[in-house]
Every structure is written in structure tokens, then in C-alpha cells.
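Following: one structure in C-alpha cells, then a few remarks.
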Amino acid sequence: SSDSGWRLALCVHRLDEDAATAQEDDLEIEAPRIRSVGELRKIIHDALTRQYGDVAVRRGLKMLYETGNELATLSAKVPLEAALARQPLHVLFLDRRPGRMQQLLSA
């Protein structure tokens with residue numbers, strides 16, 4: 001039933017192992033009622049840990065949401081309604097090896 005929880009659509013941007021190509025994965029997660037952006041960020045974090053493993057997630061994630069026609073960082077200051085208004089939410093794996101982030105964003 002719709003009152004038991006929410007479905008969140010995520011678009012995950014990551015580089016495959018050899019980092020030659022950027023992949024985009026579409027994930028859908030079932031979430032209980034979300035009361036804050038902090039909770040939303042935790043739910044996304046946990047879902048990605050289950051999907052990709054601890055090591056990938058530990059390097060860091062950058063979460064983005066659509067506002068207007070651009071992507072903005074999903075920080076704790078963002079109103080929850082704004083964050084959820086336009087799905088999917090976008091997640092980048094932060095890879096601190098030189099040049100990797102640029103590659104992700106230009107893919």
C-alpha cells in the first residue's frame with residue numbers, strides 16, 4: 001500500500017573496475033517513510049552499500065538532486081520535498097584517483 005513507504009529512483013554513476021568506461025545503473029529502492037534529508041541520505045548510502053559493497057561506498061558518495069534544470073548537491077539543508085520532487089536522484093561514486101571524477105561527469 002502506498003502509505004507503508006516510498007519508492008526511490010536512483011541513477012548511479014560509477015566507473016567500472018578498469019575505469020575505462022562510466023556506467024549508469026538505475027536502481028529502485030523501497031524506503032520507509034522518510035522524514036528528513038539526513039534520513040534520505042542514509043537510506044541511499046545503505047542501499048548502495050548493499051548493492052556495491054562497503055569498499056566502493058567508503059571512498060565516498062556524492063548525492064545530487066534535480067532542481068530547475070541542473071543538479072545540485074543533496075545536503076542536509078535541502079528541503080525534503082525539493083529533494084524528492086524530481087526523481088531519479090543521482091549518485092556519483094567519488095574516486096579520488098586523478099582524473100576519475102572528470103571522466104565520470106563527462107561520460
Side-chain angles (χ1 to χ4, degrees):
S1 68
S2 59
D3 61 348
S4 63
W6 298 352
R7 301 176 88 82
L8 289 176
L10 299 182
C11 182
V12 181
H13 304 261
R14 63 187 178 83
L15 293 170
D16 64 12
E17 288 311 304
D18 59 9
T21 52
Q23 308 281 349
E24 273 189 24
D25 299 339
D26 293 314
L27 292 186
E28 198 170 79
I29 52 183
E30 303 259 353
R33 281 223 166 275
I34 301 166
R35 288 178 298 273
S36 68
V37 168
E39 224 169 84
L40 174 62
R41 289 176 55 89
K42 185 183 184 320
I43 286 166
I44 293 172
H45 189 277
D46 292 350
L48 266 60
T49 301
R50 282 195 302 276
Q51 183 83 11
Y52 300 103
D54 206 31
V55 175
V57 172
R58 251 207 315 263
R59 287 198 197 117
L61 298 173
K62 186 170 177 62
M63 302 180 197
L64 303 165
Y65 71 103
E66 265 184 66
T67 172
N69 49 7
E70 59 177 20
L71 291 174
T73 300
L74 181 62
S75 73
K77 295 190 290 286
V78 174
L80 185 61
E81 300 73 50
L84 295 173
R86 311 250 311 265
Q87 294 191 37
L89 293 160
H90 293 261
V91 187
L92 301 175
F93 277 104
L94 296 182
D95 191 327
R96 294 182 175 80
R97 289 170 293 186
R100 296 291 200 247
M101 286 306 290
Q102 213 31 61
Q103 213 177 324
L104 259 188
L105 290 169
S106 59

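Quick note: residue numbers are just sequence positions, from 1.
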Check whether any side-chain heavy atom of [X] lies under 4.5 Å from a side-chain heavy atom of [Y], and answer yes or no.
X   : Y   : value
V91 : L27 : no
R14 : Y52 : yes
V12 : D26 : no
L10 : E28 : no
R41 : L74 : yes

Item to check | SB check D46 K42 (cutoff 4.0 Å) | outcome: yes
Enter the distance from [X]:[atom1] to [Y]:[atom2] here, rounded to the nearest 0.5 Å.
X   : Y   : atom1 : atom2 : answer
L40 : M63 : CG    : CE    : 7.5 Å
I43 : H45 : CD1   : NE2   : 13.0 Å
L92 : L64 : CG    : CG    : 5.0 Å
L94 : L61 : CG    : CG    : 6.5 Å
R58 : T49 : CZ    : OG1   : 9.5 Å
I29 : L48 : CD1   : CG    : 7.5 Å

On a heavy-atom basis, which atom in [X] and which in [Y] lie closest, and how many Å separate them?
X   : Y   : answer
A83 : L89 : O-CD2, 3.2 Å
C11 : P88 : N-CB, 3.8 Å
A31 : L8  : CB-CD1, 4.2 Å
T67 : A72 : CG2-CB, 3.6 Å

Can you tell me if [X] uses its side chain to pair, donor with acceptor, with the backbone of [Y] under 3.5 Å?
X   : Y   : answer
R59 : F93 : no
E39 : R35 : yes
E66 : R86 : no

Item to check | Inter- and intrachain pairs under side-chain hydrogen bond (donor to acceptor under 3.5 Å, both in side chains), touching residues 68-80, at least two apart | outcome: K62-T73
Checklist outcome for this item: residues 62-90 vs ring pair (Phe, Tyr, Trp, His ring centres under 6.0 Å), sequence neighbours excluded, gives H13-H90
